[in-house]
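A short worksheet on the structure shown next.
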Protein chains: 2
Amino acid sequence: MATPRRVSMADVARLAGVSSQTVSRVSTGSPDVVDSTREQVLAAMRELGYRPNSAARALKLGAFRTIGVILFSLASTGNSRTLEAIAAQAAHEGYAITLIPLAVPTQDSVLGAFTRLGELAVDGIIVIMEVHLLDAATVPLPPNVQVVVADSNGGDLYSVVDSDQVDGARQAVTHLLDLGHRTVWHVTGPEDSFASNRRADAWRQTLAAAGRPAPPLLHGDWSAESGYRAGQLLADEPGCTAVFAANDQMALGILRALHERGKRVPHDVSVVGFDDVPEAASFIPPLTTVHQDFAEVGRRCVQGVLRQIERGTHETGTTLVPTRLVVRASTAAAPPS
Amino acid sequence: MATPRRVSMADVARLAGVSSQTVSRVSTGSPDVVDSTREQVLAAMRELGYRPNSAARALKLGAFRTIGVILFSLASTGNSRTLEAIAAQAAHEGYAITLIPLAVPTQDSVLGAFTRLGELAVDGIIVIMEVHLLDAATVPLPPNVQVVVADSNGGDLYSVVDSDQVDGARQAVTHLLDLGHRTVWHVTGPEDSFASNRRADAWRQTLAAAGRPAPPLLHGDWSAESGYRAGQLLADEPGCTAVFAANDQMALGILRALHERGKRVPHDVSVVGFDDVPEAASFIPPLTTVHQDFAEVGRRCVQGVLRQIERGTHETGTTLVPTRLVVRASTAAAPPS
DNA sequence: CGCGCCGATGTTTACGTAAACATTCGTGCC
DNA sequence: GGCACGAATGTTTACGTAAACATCGGCGCG
């Protein structure tokens with residue numbers, strides 16, 4: 001177990017017959033090294049199996065080429081996919097990702113995560129979470145660390161990247177109205193979710209703009225089970241011919257409830273979801289839903305942080321990634337009344 | 001933008017009127033500091049907002065309290081959930097997670113990831129991936145970095161943690177046979193997946209042990225769409241009354257195909273899945289499936305790496321996490337023939 | 001032909017921490 | 001009461017890197 005001391009620049013320098021500073025120059029890609037010397041150094045590196053030590057580099061530079069990602073749960077498709085895109089884009093830019101999962105979504109734990117990331121000397125932070133848990137006044141962030149927030153509400157304090165929830169919901173509702181449905185019922189997500197609230201707001205406004213009455217809101221919690229319960233209620237509403245669910249899981253539950261109660265989709269009731277999870281195309285029937293481009297959200301998060309890191313500026317404002325309605329087989333013209 | 005130089009131990013020491021070494025002792029929790037002094041130092045830390053610099057600490061100690069996680073995709077529920085558990089457990093043990101996503105699952109890219117993690121001075125590595133991509137002979141791992149592999153085949157070279165695929169598949173098939181089905185069809189995952197292969201092997205062996213003929217294998221790729229295609233074939237097989245799908249997504253596709261062809265589940269055909277994704281309970285009908293405890297897999301991965309890190313030993317062998325059949329409404333007694 | 005400039009490389013230093021070693025001081029024991 | 005010991009704290013040093021500064025040598029130009 002005797003750890004054979006790591007190969008350092010000094011070792012490489014000795015073998016190559018140059019100073020360690022020249023090795024450093026080669027390592028950082030400085031142009032001030034003549035080709036022949038560079039070759040010699042590279043050869044020595046190869047021979048010794050030299051790996052730069054990022055700890056020493058970080059100590060010297062005060063930066064790690066690392067982005068911290070704080071999130072609460074990976075259980076949702078959206079978070080997973082966003083994280084995956086973040087990781088991929090960061091890797092592409094030569095940055096590593098340090099993941100801080102939060103056991104509970106409280107402000108205290110977010111604070112703790114910021115603290116830990118501060119110690120870890122990350123260059124930037126991406127928070128995948130509702131922003132109401134953040135409060136700039138109490139968060140002791142190192143001043144040179146930049147933050148981008150995904151899946152959140154306001155871009156007042158931080159730079160925010162999000163899917164265009166409002167337009168997605170609008171497309172969904174409009175689609176149903178265009179099919180001749182008199183109005184559209186809505187099953188919403190948890191009350192403390194901004195994404196859920198924005199979708200509900202857009203649903204209400206779209207109905208209002210079309211001069212249609214808004215049926216009472218049904219409350220779910222993103223889970224298929226909660227959608228199932230809502231679906232049972234909807235099945236008993238004789239006037240309900242169109243439902244917009246705030247996500248695909250709840251839509252799945254609604255489909256099952258309607259099926260069990262003998263309501264045919266889309267013949268009797270049309271259903272639209274939100275997210276476009278890969279399985280949505282295989283629901284019974286294949287689900288019409290609003291596609292979110294999580295990969296793009298992740299990419300823009302990384303680009304946003306890196307831009308701020310490079311420029312040393314702090315940005316605010318919201319970047320919206322377009323959503324689009326994917327029409328499948330769960331929606332059809334309203335039944336003749 | 002003038003970066004106000006970070007607070008260092010020296011600053012704290014000056015304010016507290018002690019040497020920086022004493023600050024270091026307090027910071028590392030050494031017992032050789034008298035309480036009154038410790039209090040003074042802690043007060044100074046609070047006042048200045050001191051944060052230990054993990055880069056310097058890592059440089060000094062040669063270790064980071066960081067675990068690297070290499071994985072190919074987060075798209076699958078299993079990987080996401082496993083990663084989440086890994087992150088949670090690691091955080092609990094005071095370790096950070098550095099995520100390296102692989103764009104392509106080739107040996108070269110795994111090698112590159114190892115190299116990067118080597119530079120990042122991680123203490124251990126967890127690989128969530130098929131192990132056939134690893135080849136100890138060619139992977140230049142720092143000798144003091146420990147590796148644990150999840151979701152893989154052999155524990156010859158590394159310590160492996162996996163769900164008990166074999167027992168899960170056995171339970172699924174046995175359940176169907178016990179219901180009176182003459183035999184069980186199987187829709188398998190991608191050919192290069194060990195998990196998929198093990199489930200298929202166990203399926204075959206369980207049938208053989210029961211003296212039943214094994215129908216031809218149907219090949220899928222984990223996706224619901226591939227399950228749908230397999231389901232279309234199965235719907236045309238008059239003798240097919242029971243199907244075991246290698247994951248829940250494919251089971252979903254099968255359910256849709258059977259539904260479209262007028263086969264009733266479970267009345268005409270019973271279907272069992274694998275994974276127990278949260279939505280499985282809301283499929284039409286609710287899916288009987290094999291539950292995997294991804295959280296436990298993640299936990300054991302972390303525990304395995306940390307144990308090796310602490311002891312400085314290299315372990316091999318496989319740890320199996322139990323799986324269990326969850327019976328819902330997609331399976332029933334075989335129809336009278 | 002000599003001077004100055006610039007490109008290539010070497011030397012020094014600092015980053016923040018913790019181990020190793022040094023020092024101080026009080027206490028107990030002979 | 002002096003001496004040895006050990007607990008508490010201070011001093012020195014090294015970890016590996018890269019910036020800042022120093023040096024060296026060659027080449028162009030007057």
Side-chain angles (χ1 to χ4, degrees), chain A residues 3-42 44-45 48-66 94 118-123 142 144, chain B residues 2-42 44-45 48-66 118-123 142 144:
Chain A
T3 306
R5 207 175 48 69
R6 281 185 58 112
V7 182
S8 81
M9 294 208 327
D11 303 316
V12 176
R14 206 170 307 121
L15 178 63
V18 300
S19 78
S20 61
Q21 181 52 31
T22 301
V23 177
S24 168
R25 278 191 262 262
V26 171
S27 175
T28 53
S30 156
D32 296 339
V33 179
V34 103
D35 282 350
S36 61
T37 310
R38 168 174 286 113
E39 263 320 309
Q40 251 178 327
V41 172
L42 289 175
M45 283 182 175
L48 296 176
Y50 169 75
R51 305 268 161 245
N53 179 323
S54 72
R57 186 170 277 179
L59 174 59
K60 192 75 178 94
L61 300 178
F64 245 127
R65 287 192 83 78
T66 294
E119 295 173 13
L120 292 170
V122 298
D123 303 302
N144 48 341
Chain B
T3 305
R5 204 174 49 70
R6 278 185 61 109
V7 183
S8 82
M9 295 208 326
D11 303 315
V12 177
R14 205 171 307 120
L15 178 63
V18 299
S19 77
S20 62
Q21 180 54 30
T22 300
V23 178
S24 167
R25 277 191 263 261
V26 171
S27 175
T28 53
S30 155
D32 296 339
V33 180
V34 104
D35 283 348
S36 61
T37 310
R38 168 174 287 113
E39 262 321 308
Q40 249 178 327
V41 172
L42 288 176
M45 283 182 176
L48 296 175
Y50 169 75
R51 303 271 160 242
N53 178 323
S54 73
R57 188 169 272 180
L59 173 59
K60 191 74 177 96
L61 300 177
F64 246 127
R65 287 192 83 79
T66 293
E119 295 172 12
L120 291 169
V122 298
D123 303 302
N144 48 341

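Protein chains get the first letters and strands the later ones, always in sequence-line order, with residue 1 at the start of each.
One atom, CG of A:Leu120, and another, C1' of C:dG16, lie 15 Å apart when rounded to the nearest Å. In this structure, the CZ atom of A:Arg51 is 16 Å from the P atom of D:dG16, given to the nearest Å. Spacing between atom CG of A:Asp32 and atom P of D:dA22 amounts to 17 Å, rounded to whole angstrom units. Nucleotide C:dT9 holds its C1' atom 15 Å from the CG atom of A:Asp35, rounded to whole Å. Between B:Arg65 atom CZ and C:dA18 atom C1' the separation is 15 Å, expressed in whole Å.
Nearest to the side-chain atoms of A:Val34 among the listed nucleotides C:dA8, C:dG16, D:dA18 stands C:dA8. Among D:dT17, D:dT11, C:dT17, the nucleotide with an atom closest to any side-chain atom of A:Tyr50 is D:dT17. With C:dT17, C:dA18, D:dA18 as the candidates, the nucleotide lying closest to the side chain of B:Ser24 is C:dA18.
Residue A:Arg57 places at least one side-chain N or O closer than 4.0 Å to OP1 or OP2 of D:dA18. Phosphate proximity of D:dG10 to B:Ser20: absent, as no side-chain N or O sits under 4.0 Å from OP1 or OP2. Between A:Thr37 and C:dT9 there is a side-chain polar atom (N or O) within less than 4.0 angstrom of OP1 or OP2.
Between A:Ala56 and B:Gln21, the residue anchored nearer the 5' end of DNA chain D, judged by the nucleotide with its closest heavy atom, is B:Gln21. Where B:Ser54 and B:Arg25 each meet DNA chain C at their nearest nucleotide, the meeting point lying more 5' is that of B:Ser54. Both B:Lys60 and A:Met9 lie close to DNA chain D; mapped to their nearest nucleotides by heavy-atom distance, the more 5′-ward contact belongs to B:Lys60.
To the nearest 0.5 Å, the span separating CG on A:Asp32 from OG1 on A:Thr37 amounts to 11.5 Å. Here OG of B:Ser54 is found 12.0 Å from CZ of B:Arg65. Values are rounded to the nearest 0.5 Å.
Heavy atoms of B:Asn53 sit under 4.0 angstrom from primed sugar atoms or phosphate atoms, though from no base atom. Among the protein residues, B:Val23 comes within range of no part of the nucleic acid, since none of its heavy atoms lies under 4.0 Å from any strand. Across all strands, A:Thr22 comes closer than 4.0 Å only to sugar-phosphate atoms, never to a base (heavy-atom distances).
For the pair A:Ser20 (side chain) and A:Ala13 (backbone), a donor-acceptor distance under 3.5 Å is absent. Remark: the backbone N or O of B:Ser24 is paired with a side-chain donor or acceptor of B:Thr28 at under 3.5 angstrom.
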Walk me through whether B:Leu120 and B:Thr66 qualify under side-chain contact (heavy atoms from CB on, under 4.5 Å). CA-CA 9 Å; B:Leu120 291 169; B:Thr66 293; over 6 Å; no

